[in-house]
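Notes follow the structure.
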Amino acid sequence: MEYLKNHINGELIEPVSGKYLDNYEPATGQVYSFVPDSDARDVERAVAAAEKAFPVWSVTPTQERARLLQHIADLITQNLNSLARAESIDTGKPVTLAKRMDIPRAASNFSFFASATIHFASESHAMEDSALNYTLRKPLGVVGCISPWNLPLYLFTWKIAPALAAGNCVIGKPSEITPMTAYLLSKLCQEAGLPPGVLNIVHGYGPKVGAAICAHPKISAISFTGGTKTGIEIARVAAPMFKKLSLELGGKNPVLVFADCDYANMLETTIRSAFTNQGEICLCGSRVFVERPLYEKFKNDFVARAKQLKVGDPLVEDTDQGAVVSQQHKAKVLSYIELAKQEGGKILCGGHDMKLSGRCKDGWFIAPTIIEGLSYDCRTNQEEIFGPVVTIMPFDSEDEVLDYANSTPYGLASILWTQNLPRAHRVSDQLKSGIVWVNCWMVHDLRTPFGGVKQSGVGREGGLEALRFFTEPKNVCVKLK
Ligand code: NDP
């Protein structure tokens with residue numbers, strides 16, 4: 001079994017402690033590799049390497065930085081199949097999904113920011129004939145990028161690509177639950193010729209490695225994606241140190257289905273938005289509100305369609321839904337199903353774990369679950385479950401569904417289905433979320449701002465927003481007379 005390594009100063013090295021953590025394959029429930037149990041000493045080494053690399057990397061011509069990032073993107077694409085297989089084994093997600101979404105999007109992150117940084121321009125403000133202002137945008141220095149387990153390579157690269165493109169040196173920490181593709185990425189970065197110390201990857205527990213990154217005085221910004229509770233802890237540590245913070249946190253996203261929608265498209269997409277990646281995407285629609293005249297038909301069709309989803313070995317090509325990421329997470333999701341029952345919910349399908357046979361007999365599988373009969377403000381409908389569990393409920397008016405949709409502490413994404421154009425604009429405007437998808441889901445243009453409101457986060461990633469986050473603006477005012 002393989003022992004993964006940290007990537008520090010361009011080398012793959014053991015953790016200072018010499019200790020390793022078990023890394024599980026969710027589909028089998030077995031340990032299949034070991035991940036470094038790093039600590040503050042490894043972070044210290046990584047920061048020293050990054051500090052040493054920064055003076056050269058920050059003034060490396062933009063074209064050269066872009067060339068290196070594009071080279072990494074090309075290597076990811078060339079290794080699509082092996083990276084997708086590794087991601088599937090590490091997370092439990094279907095390999096077909098990793099091939100179609102996770103890995104191609106990781107490559108796109110590098111190629112997009114390689115190009116974006118070349119086109120990134122700063123502002124100039126002329127004061128008639130008296131003075132001229134222009135804004136310089138300088139890289140911040142050494143920055144920390146901390147990412148979660150659900151879309152490991154996709155979200156890790158979503159942070160490190162803009163950070164590197166803007167001229168920063170990075171200390172990255174993937175989730176210790178899903179470290180494999182970040183480890184493979186470190187090898188690809190070596191192959192691409194990324195200079196030593198520019199990207200350092202330290203594996204290990206959040207409260208050890210992540211906390212040491214957040215508390216390190218020489219790390220000037222933290223870009224974090226993960227749970228809201230962890231985001232609170234990071235802000236508590238980093239804010240008094242005046243670090244720049246970007247926090248992409250949890251969600252409890254509503255789906256608003258009006259009776260005039262394109263029904264077939266809505267039904268198929270709502271199945272995807274509920275159950276893709278076992279429901280472990282922060283953008284999944286987990287509360288579906290359906291206009292009453294359509295409710296019974298939708299309920300019957302939605303349940304019938306969910307029952308057709310094939311839950312199975314993630315490495316088999318026709319599997320629709322794989323294993324959830326860990327035993328602990330499986331227990332959490334099942335406990336929410338129990339809570340839903342106590343709160344008066346009726347399980348329309350699923351509602352239990354699944355025992356598979358053969359290779360996957362000890363894997364962590366949960367049947368796609370649909371629940372009705374709950375009030376919009378009960379705990380099941382207010383708290384993030386992050387699994388293949390979705391609730392459905394009817395509504396009678398636009399105002400009512402907006403109240404339901406906006407009632408949670410979260411505000412990441414909303415999904416709206418209607419063919420009424422004025423209503424689409426009107427409701428989009430009133431939804432309290434950072435992203436609204438109208439008649440679609442997960443369509444992502446990398447140029448758009450990405451992030452949430454309320455407890456779903458602070459700041460925006462994506463496009464120029466990310467390059468702005470990873471640079472410090474400086475205004476220069478020149479008197480003309
Ligand atoms: P966590 O918050 O548990 O972990 C995220 C990352 O933070 C991991 O690398 C984790 O390490 C690390 N971490 C944990 N504790 C600390 C700490 N004290 N200081 C610094 N870093 C720490 O999230 P999950 O991995 O469970 O991911 C699921 C969550 O992520 C969900 O809530 C989901 O909604 C959210 N998410 C949000 C997205 C968005 O764009 N808004 C996108 C995707 C997911 P370790 O794994 O070792 O604990």
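Along the sequence shown, residues are numbered consecutively beginning with 1. When a ligand or atom number is given, it counts from 1 through the structure's own listing order. All of these numbers come straight from a predicted model, not from anything done at the bench.
Using bins of under 30°, 30° to 60° and over 60° for the plane-to-plane angle, the ring pair W364/Y24 lands in the tilted bin.
Nearest residue to atom 1 (P) of ligand 1 from T178, I281, T230 is T230 (criterion: closest heavy atom). Closest heavy-atom approach to atom 33 (C) of ligand 1 within the set F386, F224, Y205, Y154: this belongs to F386. Comparing G226, C282, P174, G452 by heavy-atom distance to atom 35 (C) of ligand 1, the nearest is G226.
Cation-pi geometry between K5 and Y183 is not met: the NZ or CZ atom fails to fall both under 6.0 Å from the ring centre and inside 45° of the normal.
Side chain of N168 to main chain of L140: a donor-acceptor pair is present (N/O by atom type, distance under 3.5 Å, no hydrogens or angles).
Within the 4.0 Å heavy-atom shell around ligand 1 one finds S147. Remark: distances from the non-hydrogen atoms of G451 to ligand 1 are all 4.0 Å or more.
Looking at atom 40 (O) of ligand 1, its nearest protein heavy atom turns out to be F450 CE2, 3.3 Å. Looking from atom 31 (C) of ligand 1 to the surrounding protein, the closest heavy atom is E384 OE1, 3.5 Å.
The shortest N or O to N or O distance between W149 and ligand 1 is below 3.5 Å.
With a 4.0 Å heavy-atom cut-off, ligand 1 is reached by the side chain of E233 but not by its N, CA, C or O.
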